[in-house]
Amino acid sequence: MALQNKKENKQQKSTWRKVNNWLHLWLGLISGIIVFIICLTGVAFVFHDEINNLVNQEVRYVEVPNGAEKIAIDSVLSNVKKQYPEIMLMQFTTYKDPSKSVKIMSFDRSAKPPQLGLGNIYVDPYSGKVLKMDYTYGIFRFIAEIHGNLLLGKTGLQIVRISTIIFLIELISGLIWWWPKKWNKTNVNKSFKIKWNANWKRINIDLHNVLGFYALPLAIVLTLTGLIITYEPVKNVFFTVFSGTTERASIRTALPPADSTKTAIPVAKLIASYKNAATPQMTIGIPNPKSGALMIRTEQESSMVTYRGDINYVNVYSGQKMDLTPELLTELNMGNMNLSLHLGTWYGLPAKILTFLICLICTSLPITGFIIWYNRKFKKKKSPKEL
């Protein structure tokens, strides 16, 4: 009886593995091209800030005149708006380093692919002179559009969502397939080491299995955070689990609207008290004619969409800091944390390098997986000695 139960358990395990392996194979073949595109564009996006800084290195710093003081930021913004009346100014960044220029993030609605309008205007903070208008970020916005919806709008967004869910299943089923049946020395070596002196087919199998295993933890994080960004039901679950409440808040509805009967305080005065922050820079939202609040972030480094620091909102008519509700603070902080995890900005350059490598491995998985299937399906099998 015990022997019969043992055989039944083995058959059940064997059936479970067969189903798992079948799912891993065919889900991978179905979604492979889409997953490849998503991961490849992710690879291209990781170092967007560093590439932007490199392209614009000649205007990121200015010569500091003897005894000169920086002109009021309101005058800087006014000069830029006069020079580029059709360009929408979104936010600007100022630095404690006196030799750094003011960086203004802008958007040109008339721009066409691959420069989708998002750019930076660099301004001399002492003279107000525009040094350069650059659309490098616009190219990365184009890459982000491919990453998020394949340039197919809502249809593409749905395809990306489904493919991302499939990739998450692929990662889990891949781990189950990878898991050695016996933890002996031979299986451990096959599971954790690439046999570089083998033929190319064996190396390809090792690249898929071994690199896939090492990339698994962060790959799951990247996949889940991507779903949180693009898929509202997943975002709601994430928010509920980590905040302990289902109450959601929106910054758009929480901030006061503009009041035409009042006069807004100059931006220079609104941000004056934040200049003593320990962080090396501040990013401030451009005053919106429809809003009565101004966003002020004290940050550790430049980034297009994330920040490491503190975020505050001040009333543009009174200059007083606004007290945000706990739900709204949680929403803002968790949203930024999720985005930082997804983009690899959570620990500066080391985290970006790690994210880049993991994205590169994820990009390779559909290719190496397809080659494994093709060789087994259409090529003559070789003897164990050749492997």
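Everything numeric in this text was worked out from a predicted model, so none of it was measured. Side-chain atoms are counted along with the backbone in the values below, which use heavy atoms only and exclude waters and symmetry mates.
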J.: For Leu89 and Ser106, which heavy atoms make the closest approach, and how far apart are they?
T.: CD2-CB, 4.2 Å
J.: Taking the side chain from Ser191 and the backbone from Val188, do they hold a donor-acceptor pair closer than 3.5 Å?
T.: no
J.: Taking Pro266's backbone N and O only, do any of them form a donor-acceptor pair with Asp74's side chain (distance below 3.5 Å, no angle check)?
T.: no
J.: Using the six-membered ring wherever Trp is involved, compare the ring planes of Trp183 and Trp179 and label them parallel, tilted or perpendicular (cut-offs 30° and 60°).
T.: perpendicular
J.: Using atom types as modelled and distance alone, determine if a side-chain donor or acceptor of Arg141 lies under 3.5 Å from a backbone N or O of Gly119.
T.: no
J.: Apply side chain to side chain contact (heavy atoms under 4.5 Å, CB included) to the pair Tyr84 and Ile104, showing each step before the final yes or no.
T.: CA-CA 12 Å; Tyr84 300 102; Ile104 305 173; over 6 Å; no
J.: Is the count of non-hydrogen atoms from other residues, nucleotides or ligands lying under 6.0 Å from Lys262 atom NZ greater than 12?
T.: no
J.: Is the count of non-hydrogen atoms from other residues, nucleotides or ligands lying under 6.0 Å from Glu232 atom CD greater than 12?
T.: yes
J.: Can you tell me if OH on Tyr231 sees more than 12 non-hydrogen neighbours from other groups inside 6.0 Å?
T.: no
J.: Could you please spell out the steps behind the side chain to side chain contact (heavy atoms under 4.5 Å, CB included) verdict for Leu168 and Leu224?
T.: CA-CA 8 Å; Leu168 182 60; Leu224 286 174; 3.9 Å; yes
J.: Output yes when a side-chain donor or acceptor of Asn187 lies under 3.5 Å from a complementary backbone atom of Pro180, and no otherwise.
T.: no
J.: Which residue in the set Thr279, Thr283, Thr93 passes side-chain hydrogen bond (donor to acceptor under 3.5 Å, both in side chains) when paired with Glu299?
T.: Thr283
J.: With no hydrogens and no angle check, is any side-chain donor or acceptor of His147 less than 3.5 Å from a backbone partner on Thr41?
T.: no
J.: Whether Lys352 and Asp49 form a salt bridge (side-chain N of Lys/Arg under 4.0 Å from carboxylate O of Asp/Glu) is what I want to check.
T.: yes
J.: Does the side chain of Trp16 reach to within under 4.5 Å of the side chain of Lys18, using non-hydrogen atoms?
T.: no
J.: For the residue pair Ser303 / Thr306, report whether a side-chain donor-acceptor contact shorter than 3.5 Å exists.
T.: yes
J.: Backbone N or O of Lys129 within a donor-acceptor pair of the Asp124 side chain at under 3.5 Å?
T.: no
J.: Distance from Ser101 atom OG to Ile121 atom CD1, nearest 0.5 Å?
T.: 12.0 Å
J.: Distance-only, no hydrogens or angles: does the Asn333 side chain make a donor-acceptor pair with backbone N or O of Leu329 under 3.5 Å?
T.: yes
J.: Does the side chain of Gln57 come under 3.5 Å of the side chain of Arg60 through a donor N or O and an acceptor N or O?
T.: no
J.: Keeping the roles fixed (side chain from Asn338, backbone from Thr225), state whether a donor-acceptor pair exists under 3.5 Å.
T.: yes
J.: Look at the side chain of Ser291 and the backbone N and O of Asn288, then say whether any donor-acceptor pair between them is shorter than 3.5 Å.
T.: no
J.: With a sphere of 6.0 Å drawn around OH of Tyr214, does it hold more than 12 non-hydrogen atoms of other residues, nucleotides or ligands?
T.: yes
J.: Mind running side chain to side chain contact (heavy atoms under 4.5 Å, CB included) on Leu349 and Glu50 for me, showing each step along the way?
T.: CA-CA 9 Å; Leu349 187 59; Glu50 287 75 13; 4.2 Å; yes
J.: Out of curiosity, Ile139 CD1 to Leu116 CG, how far, rounded to the nearest 0.5 Å?
T.: 9.5 Å
J.: Do Leu255 and Tyr313 have side-chain heavy atoms sitting under 4.5 Å apart?
T.: yes
J.: Compare all side-chain heavy atoms of Arg376 with those of Ile372 and state whether any distance is below 4.5 angstrom.
T.: yes
J.: To the closest 0.5 Å, what do you measure between CG (Leu365) and CZ (Phe167)?
T.: 5.5 Å
J.: Counting only heavy atoms not in Lys190 (residues, nucleotides, ligands), do more than 12 fall under 6.0 Å from its NZ?
T.: no
J.: Minimum heavy-atom separation for Gly148 and Leu157, please, with both atom names.
T.: O-CD1, 3.7 Å
J.: Can you tell if the side chain of Val80 reaches within under 4.5 Å of the side chain of Val130, non-hydrogen atoms only?
T.: yes
J.: What about Leu23 and Leu29, same hydrophobic cluster or not, with Ile/Leu/Val/Met/Phe/Trp/Tyr joined at side-chain heavy-atom distances under 4.5 Å?
T.: yes
J.: How about Asp134 and Asn56: does a side-chain donor come under 3.5 Å of a side-chain acceptor?
T.: yes
J.: Does Met322 reach the side chain of Gln320, with side-chain heavy atoms less than 4.5 Å apart?
T.: no
J.: Under 3.5 Å, is there a donor-acceptor pair between the Asn312 and Lys321 side chains?
T.: yes
J.: Using a 4.5 Å cut-off on heavy atoms from C-beta on, say whether the side chain of Gln91 contacts that of Ile284.
T.: no
J.: For the residue pair Leu118 and Tyr135, establish whether any side-chain heavy-atom pair is separated by less than 4.5 Å.
T.: no
J.: Can you confirm whether more than 12 heavy atoms, excluding those of Ile33, are under 6.0 Å from its CD1 atom?
T.: no
J.: Just checking Asn184: does its CG atom have more than 12 heavy atoms from other residues, nucleotides or ligands closer to it than 6.0 angstrom?
T.: yes
J.: Please name the pair of heavy atoms, one in Val64 and one in Ser99, separated by the smallest distance, quoted to 0.1 Å.
T.: CG2-CA, 3.7 Å
J.: State the OG1-CD1 distance between Thr223 and Ile166, to the nearest 0.5 angstrom.
T.: 12.5 Å
J.: Working to the nearest 0.5 angstrom, can you tell me the gap between Ile162 CD1 and Ile30 CD1?
T.: 11.5 Å
J.: Within this structure, what is the CD-OH distance for the pair Glu69 and Tyr126, rounded to the nearest 0.5 Å?
T.: 9.5 Å
J.: Using the ring of each side chain (for Trp, its six-membered ring), is Phe47 parallel, tilted or perpendicular to Phe356, with breaks at 30° and 60°?
T.: tilted
J.: Under 6.0 Å between the ring centres of Phe213 and Trp177?
T.: no
J.: For Ser163 and Ile34, work out which heavy atoms get closest and say how close.
T.: OG-CG2, 3.2 Å
J.: Given the rule that I, L, V, M, F, W and Y join up when any side-chain heavy atoms are under 4.5 Å apart, are Phe92 and Leu270 in one cluster?
T.: yes
J.: If Ile, Leu, Val, Met, Phe, Trp and Tyr residues are connected whenever their side-chain heavy atoms lie under 4.5 Å apart, and connections chain through other members, are Leu227 and Ile38 in the same group?
T.: no
J.: Report, as yes or no, whether the 6.0 Å neighbourhood of atom CD on Glu58 holds more than 12 heavy atoms from other residues, nucleotides or ligands.
T.: yes
J.: Checking side chain to side chain contact (heavy atoms under 4.5 Å, CB included) for the pair Ile358/Thr355: CA distance, chi angles, key distance, verdict?
T.: CA-CA 5 Å; Ile358 299 302; Thr355 302; 5.8 Å; no
J.: Before accepting this row, confirm whether a basic side-chain N of the pair Glu301/Arg308 lies closer than 4.0 Å to the acidic partner's carboxylate O.
T.: yes
J.: Do the side chains of Leu151 and Phe140 join up, straight or via other hydrophobic residues, at under 4.5 Å, putting them in one cluster?
T.: no
J.: Looking only at heavy atoms, what is the nearest atom pair of Cys39 and Cys359, with distance?
T.: CB-O, 4.1 Å
J.: Do any N or O atoms from the side chain of His342 and from the backbone of Leu222 form a donor-acceptor pair under 3.5 angstrom?
T.: yes
J.: With a 4.5 Å heavy-atom cut-off, do Ser302 and Gln281 have their side chains touching?
T.: yes
J.: At their closest point, which heavy atom of Ile203 faces which heavy atom of Ala198, and how far apart are they?
T.: CD1-O, 3.5 Å
J.: For the hydrophobic clusters of this structure (ILVMFWY residues joined by side-chain heavy atoms under 4.5 Å, transitively), does one cluster hold both Ile205 and Ile371?
T.: no
